[in-house]
Amino acid sequence: MGFFDKLKKINIFSTLAHLGSELNDDFYDELEESLILADTGMDVTLELVAELRRRVRTEGIKTLEEARACMCRVIADAMNVGDGALDLSTTPSVVLFIGVNGVGKTTTIGKIGAQLRHQGKKVLFCAADTFRAAAAEQLTIWAERAGVDIVKQHEGADPAAVVFDATSAARARRSDVVLVDTAGRLHNKQNLMNELNKISRVVDRELPGCARETLLVLDATTGQNGLIQAKQFQQAAGITGIVLTKLDGTAKGGIAIAIAKELGVPVKYAGVGEGIDDLKPFNAADFAQALI
Ligand code: GDP
């Protein structure tokens with residue numbers, strides 16, 4: 001089974017038998033409709049279909065099967081907006097996770113922690129979401145599951161102080177990567193910016209020159225609302241990548257295309273379940289192949 005087998009397909013190319021095999025206006029109309037239903041968004045859909053039409057013309061594409069392969073390339077190209085790999089080039093490197101409650105932030109950190117550990121990296125979790133007591137508890141459970149260390153403090157502690165502790169621990173234990181669970185929520189843009197700036201200053205001071213990422217975790221089932229959220233986070237926090245969770249059980253997979261294209265930020269990971277193995281580095285070609 002491929003990783004994206006749980007994705008609900010747009011299925012346009014297998015349901016077009018009634019149109020015959022012609023790449024006519026009806027075909028393009030139905031393709032547009034399917035992409036919009038999958039929450040790709042109107043503007044992005046129109047651009048993708050226009051690009052397909054252009055390539056069908058210039059590449060002399062005649063059959064549905066060729067058009068399908070071409071559409072996969074169009075989608076993959078549209079999503080090719082930067083390095084999909086995490087920058088872990090220094091020891092330690094720091095990855096901040098932000099996102100609203102319930103999107104799968106803690107779960108994602110657990111899954112990525114387990115993967116990095118399997119790759120032989122020394123991972124440290126930092127429970128800087130001190131806003132909810134449950135957040136640190138939940139991250140502790142994931143740390144045990146993934147077999148990695150965790151630094152935490154009491155509920156209500158200053159997130160920057162927890163990050164300070166984690167940077168000291170990372171130096172002392174020679175950790176390769178620190179995964180920071182922040183309370184980086186968007187209830188108030190100024191608060192979020194202040195909190196992240198403060199964390200950033202601690203990292204700058206304690207681990208000067210370290211490789212750093214800020215990943216926004218988004219729930220794919222929220223579709224276009226997720227995109228609106230992402231734009232707000234991007235303005236407030238300068239994100240370097242997206243983790244798109246819950247791609248299983250949604251027919252809104254097209255949102256991944258919209259996010260990459262409209263934000264110009266790569267989707268770096270995709271989540272397709274609650275288990276520790278249900279997260280993979282995102283591959284646009286595989287995704288496009290599975291989606292359509
Ligand atoms: P947080 O509040 O952002 O830290 O979110 P959690 O990590 O606590 O996740 C919220 C819920 O979403 C939990 O029940 C997770 O098991 C579930 N979840 C997270 N990622 C995925 C995913 O990729 N697919 C599915 N189906 N559920 C997920």
Side-chain angles (χ1 to χ4, degrees), residues 1-9 38-39 84 95-116 123 125-146 148 150-152 155 159 162-163 166 178-187 191-192 195-196 199 213-223 225-226 228-230 232-233 236-237 239 241-256 259 267-283 286-287 290-291:
M1 270 226 332
F3 178 69
F4 284 119
D5 286 355
K6 291 185 196 167
L7 199 71
K8 293 218 172 70
K9 296 183 188 353
D39 244 332
V95 186
L96 300 183
F97 291 82
I98 61 176
V100 302
N101 258 340
V103 289
K105 224 158 24 111
T106 314
T107 309
T108 297
I109 295 173
K111 291 168 173 175
I112 294 179
Q115 280 177 21
L116 293 174
V123 181
F125 286 174
C126 170
D129 181 353
T130 57
F131 190 73
R132 278 188 315 140
E137 279 165 35
Q138 227 184 316
L139 195 64
T140 305
I141 294 170
W142 272 106
E144 284 164 10
R145 215 176 271 164
V148 310
I150 179 166
V151 167
K152 58 185 168 181
E155 185 184 352
V162 192
V163 172
V178 185
L179 303 181
V180 185
D181 189 13
T182 71
R185 302 189 185 93
L186 207 59
H187 45 87
N191 275 357
L192 172 69
E195 182 182 311
L196 292 175
I199 289 175
E213 296 255 1
T214 303
L215 297 186
L216 174 63
V217 183
L218 282 178
D219 177 342
T221 65
T222 58
N225 283 331
I228 295 165
Q229 219 178 75
Q232 293 170 335
F233 269 106
I239 50 192
I242 306 279
V243 179
L244 201 56
T245 63
K246 309 189 194 182
L247 272 167
D248 53 311
T250 176
K252 297 179 176 174
I255 194 63
I259 285 168
V267 178
K268 296 207 173 193
Y269 285 91
V272 296
E274 300 186 83
I276 201 160
D277 293 324
D278 293 327
L279 185 94
K280 288 278 186 302
F282 187 81
N283 178 298
D286 289 351
F287 170 78
L291 185 71

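Just follow the structure's listing: the first ligand is 1, and inside any ligand the first atom is 1. All values below come from the heavy atoms of this structure, side chains included, with hydrogens, waters and symmetry mates left out.
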### Task
List in chain and number order the residues that pass salt bridge (charged side-chain N to carboxylate O under 4.0 Å, His left out) with K252, two or more places apart in sequence or in another chain; answer none if no residue qualifies.
none
### Task
Check whether any side-chain heavy atom of Q115 lies under 4.5 Å from a side-chain heavy atom of L279, and answer yes or no.
yes
### Message
Test your reading of the model: is there a side-chain donor-acceptor pair from T130 to the backbone of E155, 3.5 Å cut-off?
### Response
no
### Task
For D278, check salt bridge (charged side-chain N to carboxylate O under 4.0 Å, His left out) against everything at least two apart and list the hits.
K6
### Task
Look at the rings of F287 and F282 and say which category their plane angle falls in: under 30° parallel, 30 to 60° tilted, over 60° perpendicular.
tilted
### Query
Does E213 have any side chain to side chain donor-acceptor pair (under 3.5 Å) partners at least two apart in sequence or in another chain, and if so, which?
T240, K268
#### Entry: Close-range residues for ligand 1, whose non-hydrogen atoms fall below the 4.0 Å threshold
V100, N101, G102, V103, G104, K105, T106, T107, K111, R132, Q138, T245, K246, D248, G271, V272, G273, E274
